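Notes for the one structure printed next.
Only heavy atoms go into these numbers, but all of them, side chains included; no hydrogens, no water, no symmetry mates. Below, chains carry the letters A, B, ... as their sequence lines are ordered, and counting in each starts from 1. Keep in mind the model is a prediction, meaning the values are calculated, not measured.
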2 protein chains.
Amino acid sequence: MPGRADPAAPAAPRARLNRGRVLVAAVALADETGLAGLSMRRLAQELGVVPMALYKHVADKEALLDGMVDLVIEGFDPPEEALPGIDAVRHRVLAARRAVRRHPWARQAIESRTRRTPTVLGHMDAVAGTLRAAGFSVDLTHHVMHALGNRIWGFSPELFDAPPEDGPAPTPQAQQAMAADFAERFPHVLEIALEATRGDLSGVGQGCDEDFEFAFALDLLLDGAQRLQRSGWTSPRR
Amino acid sequence: MPGRADPAAPAAPRARLNRGRVLVAAVALADETGLAGLSMRRLAQELGVVPMALYKHVADKEALLDGMVDLVIEGFDPPEEALPGIDAVRHRVLAARRAVRRHPWARQAIESRTRRTPTVLGHMDAVAGTLRAAGFSVDLTHHVMHALGNRIWGFSPELFDAPPEDGPAPTPQAQQAMAADFAERFPHVLEIALEATRGDLSGVGQGCDEDFEFAFALDLLLDGAQRLQRSGWTSPRR
DNA sequence: GCCACCAGGTGTACGTCGTACACCCACAGT
DNA sequence: ACTGTGGGTGTACGACGTACACCTGGTGGC
């Protein structure tokens, strides 16, 4: 083996790893092999690196998945055309769908996420904002967001599943600052949360009235379906 | 240790295992610990048995999950009252939802299933049959089933994801018999499949036009939402 | 020019998972 | 009495995620 050891390795000094490269490689690997085929070990191998090296760039596999989902969401086509009212919502949702469809694993991954990254909140805020711009009340916007469910993502996770529970308790002023930041970045999400909790955000963790939201969406669909049936609807044959 | 060995073990001769007991225990364990906490080893321990013993009753973990999901579906409240038209659909879907909510893991489990067991097909057939009884065309029934999505289950797996691909190729007459059996047990599912493939069931594996189904459901929801907005809808405050 | 630092990559090891495979035992049918 | 055979056992293997100790090459301070 000494006859082989070239001190200045020729072609591939192997670019340094960083979070971005890890995430991109993970997305590519998942595209190829599906979520089930994505393991830390396999991913490391793909990057020509030892498994533990990944942990310098992502906290653990959950964080890796979070990052991958963010990457997909960032790939949502921006709504360049300024469409009127509800059509803007439709446009945005269909754009999300296109991005999600590019990655067959994305639906499952998004559904499994329990943390809400800023990127995820950003998308929800954008959809809510589009509904508000179309003249919807905060109240109605809220329930329609639930009803859209899957469709917001090209398929709806709950906004708040579990309390954030970071490590050490944040100081009051840090909390204040975070709240202000949140209000600025996600104003529409905030107004919905305020409406739903009647201004008492402390109870935001326990979520919405799921039974109500379920029935709301069900009735929206069934009423619409019945209207189609009465009008003798048939699907367009291509 | 010989001083302890009692030849006729006193209280617990430990009832024999069978598929039913395994499934019930698995459901109970998942109820307690969530899907993530359900492992073959843990389940075996709960049953006072060695892990490999389970494999005499379920083929593998996938089959275990299939069985658990079937158990949940069998727990759907039967629609005793004969409601008129669309209300029967609503009633049935809400019944499914109640059953699914009893088991927090069920949604995730159902979504992850790729095989369609007879029990699953049975539920879909029942929902389709209820829509047909309400006067919906096969065509409209089909698309409404897609649109209901999650809601059919208390949250929509595709009917056909992958070809069945059992082990050895079934003989033609066995295939014939299976088809006849299917037609008898799931007539409404069959008529939808026939409609969607225009009578050529050989192509049933490649599924429906997902883009169309997605847009159909999206428009149903958005049209309904817009109607509510125009009528000045507000949610009922309790 | 030296050295101390440290971000980033390595190696080893642990506990858990699903499950293949060989076994063994108690009872049923002859 | 003999022989299957259905059901429970024991051992073992190859993944997996990741903790922990280590090393190493480049950078900033002096």
Side-chain angles (χ1 to χ4, degrees), chain A residues 1 5-10 12-26 29-30 32-69 105 108-109 112-115 167, chain B residues 1 5-9 12-27 29-30 32-69 105 108-109 112-115 167:
Chain A
M1 69 251 274
D6 189 330
R14 215 183 62 204
R16 260 160 100 86
L17 230 44
N18 57 48
R19 188 175 153 89
R21 281 190 60 216
V22 169
L23 294 181
V24 168
L29 183 55
E32 270 172 44
T33 65
L35 261 202
L38 173 72
S39 73
M40 298 301 275
R41 300 170 116 100
R42 180 81 199 279
L43 175 57
Q45 187 179 327
E46 214 76 22
L47 286 162
V49 105
V50 96
M52 287 311 293
L54 302 177
Y55 288 85
K56 302 283 173 165
H57 305 282
V58 288
D60 54 18
K61 200 180 182 185
E62 290 293 297
L64 177 73
L65 267 323
D66 284 345
M68 292 168 67
V69 167
W105 49 271
Q108 195 190 336
S112 75
R113 291 314 68 215
T114 162
R115 298 191 42 200
Chain B
M1 70 250 273
D6 189 328
R14 215 184 62 204
R16 261 161 100 87
L17 228 47
N18 58 49
R19 186 175 155 89
R21 282 191 60 216
V22 169
L23 294 181
V24 168
V27 165
L29 183 55
E32 271 172 44
T33 66
L35 262 201
L38 174 72
S39 73
M40 298 300 275
R41 300 171 116 100
R42 179 82 199 277
L43 176 57
Q45 187 179 329
E46 214 76 23
L47 287 162
V49 104
V50 95
M52 286 312 291
L54 301 177
Y55 288 85
K56 302 283 174 168
H57 305 281
V58 287
D60 55 17
K61 200 180 182 185
E62 290 293 296
L64 178 73
L65 267 325
D66 284 345
M68 293 169 67
V69 167
W105 49 270
Q108 196 190 337
S112 75
R113 289 321 59 218
T114 161
R115 296 190 44 201

Check your understanding: Does B:His57 place a side-chain N or O at less than 4.0 Å from the phosphate oxygens OP1/OP2 of D:dG6?
Key -> no
Point to revise | Donor-acceptor pair, side chain of B:Arg115 and main chain of B:Ala63, under 3.5 angstrom | key: no
Review point. Whole Å only: how far is the CZ atom of A:Arg41 from the C1' atom of C:dT10?
Key: 14 Å
Practice item. Using whole Å, report how far CG of B:Leu35 lies from C1' of C:dC17. Key: 15 Å
Exercise for review: Look at the side chain of B:Val50 and decide which nucleotide, out of D:dG10, D:dG7, C:dT19, has an atom nearest to it.
Suggested key: D:dG10
Study note, to complete from the structure: Of the listed C:dG11, C:dG18, D:dT9, the closest approach to the A:Met52 side chain comes from C:dG11
Check your understanding: Is there a side-chain contact between B:Met40 and B:Met52 (heavy atoms, below 4.5 Å)?
Key -> no
Check your understanding: Once you round it to whole Å, what is the distance between C1' of D:dC16 and CG of A:Leu29?
Key -> 14 Å
Exercise for review: Could you state the atom-to-atom distance from CG of A:Asn18 to P of C:dG9 in whole Å?
Suggested key: 9 Å
Check your understanding: Nearest-Å distance, CD (A:Gln45) to P (D:dG17)?
Key -> 13 Å
Review point. Would you say A:Lys61 reaches D:dG17's phosphate, i.e. side-chain N/O to OP1/OP2 under 4.0 Å?
Key: yes
Review point. What's the closest nucleotide to the A:Pro51 side chain, out of D:dG17, D:dT18, C:dT19?
Key: D:dT18
Point to revise | Partner of A:Leu29 by side-chain contact (heavy atoms from CB on, under 4.5 Å), out of A:Leu47, A:Val24, A:Leu35, A:Leu38 | key: A:Leu38
**Study point:** Nearest-angstrom distance from the residue atom CZ of B:Arg19 to C1' of D:dG7
**Key:** 16 Å
**Study point:** Length of the line joining B:Leu65:CG and C:dG18:C1', which is rounded to integer Å
**Key:** 13 Å
**Study point:** Heavy-atom side-chain proximity of B:Leu17 to B:His57 below 4.5 angstrom
**Key:** yes
Exercise for review: Go through D:dT18, D:dG6, C:dT19 for me and flag the one nearest to the B:Asp60 side chain.
Suggested key: C:dT19
Revision key, fill the gap. Atom CZ of A:Arg42 and atom P of D:dG17 are separated, to the nearest Å, by 12 Å
Review point. B:Lys56 side chain: which of D:dG8, D:dC16, C:dG9 is closest?
Key: D:dG8
Review point. Side-chain contact, heavy-atom cut-off 4.5 Å: B:Val27 with B:Trp105?
Key: yes
Point to revise | 5′-ward residue of the pair A:Leu54/B:Tyr55 relative to DNA chain C | key: A:Leu54
